[in-house]
Amino acid sequence: MLNPATIVLKNGKDHSLRRRHPWVFSGAIARVKGEAAEGDPVRVEAIDGELLGVGHFSGGGSIAVRMLDFGENATLPTPEFWQAKLGNAYQLRQRLRLTGAADTDVFRLIHAEGDGLPGLIIDVYGDVAVVQAHSVGMYRARPDIAAALQVVFGNKLRAIYDKSAETVPGNAVPDAQNGYLFGESTGAEHLVTENGHQFAVDWETGQKTGFFIDQRDNRALLARYSPGRKVLNTFCYTGGFSVYALEAGAELVHSVDSSKKAIALTERNAELSNHADRHAAYPDDVLGFLKNHSAQYDLLVLDPPAYAKHMGARHAALMGYKRLNAAGIAHLAPGGLLFTFSCSQVVSPELFEGAVLAAAIEAGRPARILHRLTQPADHPVSLFHPEGAYLKGLVLAVE
């Protein structure tokens, strides 16, 4: 782009960018020099003309610019820029021992702001990378991103799948379709390994990019407490927690999800564990299941989808978490363990803990916090963007 538009900030509205926060809100903009369309790379200047950085323009929401680089030496994205960013992220995963590991071949390569690329998610499933753009700028950059992935991974990558149709703003890209940017489908079941456990992953039609990678460490923790216990895994999706519990020696595992397709994948993954005889899956609404079944469990997982995606829905979300956790606690045998989570970014750990506290009070059950949980290291949080810490969880011992 030869003549990018320049976003000029109001006097005093440049402080957050000087602290490297990656968002420019629409209310901070004094004027726009030139023409800026949705997704365009733009320069961002202070009121005195100092270059503060470059980013992707988003004209339709409260976040007007998502920053890609900061400072007076910032330049617009080039093929070399994408290679450097993806290469840096890959090197971090190497240091985390997630690449080339014998027991794990699934990890997150790019976690949006946490890896300096707001609006972009890239998950790796063995020899396939799944790209998901959450902004028009990242959607338009997909060819450069795919080319950079091939440089970084070399012949380790068989295919690159674009799963952006569900996440890119539909009003800006109404004709977005998922598909392969490199390589093609084999038509065969794709198996991945996480901590030695096998899972079938469907990135083409599954939720998110195909698997909830962010619970890897928490699944491993659950395995420590599963031997000999009766386990209920709600909102199970593809049965991650269920498989870990089965292979750790749980007496029985029940999995519940409202999606019949998710239940089918859970049952397949239970088969892969060779312990399907101790597993039963129920395609049902979780609250309905808890209301209509009286069974007691020794370990219970509550891992619902995000209850609030914006501040206006936060209060209703907290009431939802309270109701769900109260119902879950009622199904815990005395001395049972509750693994409970929230992935709602606008719900802080303190607010979530308060909702769970209210549920325990309502249930009349004493409870102790054993662990406070969060997302794993391949979902890093930028020190300059604390909003990236979205996953929070508690492990409670309930009397």
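Residues: numbered from 1 along the sequence shown. This structure is a prediction, so every number in the text was calculated from the model and none was measured.
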Would you please say whether a donor-acceptor pair under 3.5 Å links the side chains of [X] and [Y]?
{"X": "Thr266", "Y": "Ser255", "result": "no"}
{"X": "Glu166", "Y": "Asn178", "result": "yes"}
{"X": "His254", "Y": "Tyr297", "result": "yes"}
{"X": "Thr340", "Y": "Tyr321", "result": "no"}
{"X": "Ser164", "Y": "Asp162", "result": "yes"}

Query raised in the report: Who are the salt bridge (Lys or Arg N to Asp or Glu O under 4.0 Å) partners of Lys392, not counting sequence neighbours?
Result: none
May I have the list of side-chain donor-acceptor pairs in residues 63-71 shorter than 3.5 Å, sequence neighbours left out?
residue : atom : partner : partner atom : Å
Arg66   : NH1  : Ser58   : OG           : 3.1

Report task. Output, in order, the C-alpha distance, side-chain angles, deciding distance and verdict of ring pair (Phe, Tyr, Trp, His ring centres under 6.0 Å) for Tyr125 and Tyr161. Result -> CA-CA 11 Å; Tyr125 297 107; Tyr161 188 73; over 10 Å; no
Contact check, side chains of [X] and [Y], non-hydrogen atoms, under 4.5 Å:
{"X": "Asp298", "Y": "Leu337", "value": "no"}
{"X": "Phe81", "Y": "Thr78", "value": "yes"}
{"X": "Leu9", "Y": "Val44", "value": "yes"}
{"X": "Pro41", "Y": "Val54", "value": "no"}
{"X": "Trp82", "Y": "Pro77", "value": "yes"}
{"X": "Arg368", "Y": "Glu399", "value": "yes"}
{"X": "Val8", "Y": "Val32", "value": "no"}

Should the ring pair [X] and [Y] be called parallel, tilted or perpendicular, given that the plane angle runs from 0 to 90° and is split at 30 and 60?
{"X": "Phe289", "Y": "His293", "result": "parallel"}
{"X": "Tyr390", "Y": "His379", "result": "tilted"}
{"X": "Phe199", "Y": "Phe211", "result": "tilted"}

Output side-chain donor-acceptor pairs under 3.5 Å for residues 144-156, partner residues at least two apart or in another chain, one line each.
residue : atom : partner : partner atom : Å
Gln150  : NE2  : Ala146  : O            : 3.3
Lys156  : NZ   : Tyr90   : OH           : 3.4

Is the side chain of [X] donor-acceptor paired with the backbone N or O of [Y] at a distance under 3.5 Å, no angle test?
{"X": "Asn269", "Y": "Leu265", "result": "yes"}
{"X": "Lys291", "Y": "Ala327", "result": "no"}
{"X": "Ser62", "Y": "Phe25", "result": "no"}
{"X": "Thr104", "Y": "Asn195", "result": "yes"}

Query - Exceeds 12 heavy-atom contacts within 6.0 angstrom, atom CG of Asn292 - result: yes
Query raised in the report: Does NZ in Lys230 sit with more than 12 non-hydrogen atoms of other residues, nucleotides or ligands closer than 6.0 Å?
Result: no
Query - Charged N-O contact under 4.0 Å between Lys163 and Asp123 - result: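 The answer is no: the pair does not qualify as a salt bridge.
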Report task. To the nearest 0.5 angstrom, please state how far the CZ atom of Arg108 sits from the CD1 atom of Ile121. Result ->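 So the CZ of Arg108 and the CD1 of Ile121 are separated by 4.0 Å.
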Report task. Nearest 0.5 Å please: distance from the CZ atom of Arg268 over to the CD atom of Glu189. Result -> 4.0 Å
Query raised in the report: Only one of His385, Glu387, His15 forms a side-chain hydrogen bond (donor to acceptor under 3.5 Å, both in side chains) with His21, so which one is it?
Result: Glu387
Query - Shared hydrophobic cluster, Val192 / Val124 (ILVMFWY, side-chain heavy atoms < 4.5 Å) - result: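 Looking at the clustering, Val124 is in a separate group from Val192.
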Query raised in the report: Does the pair Val201 and Val106 meet the rule for a side-chain contact (heavy atoms from CB on, under 4.5 Å), with working shown?
Result: CA-CA 10 Å; Val201 174; Val106 51; over 6 Å; no
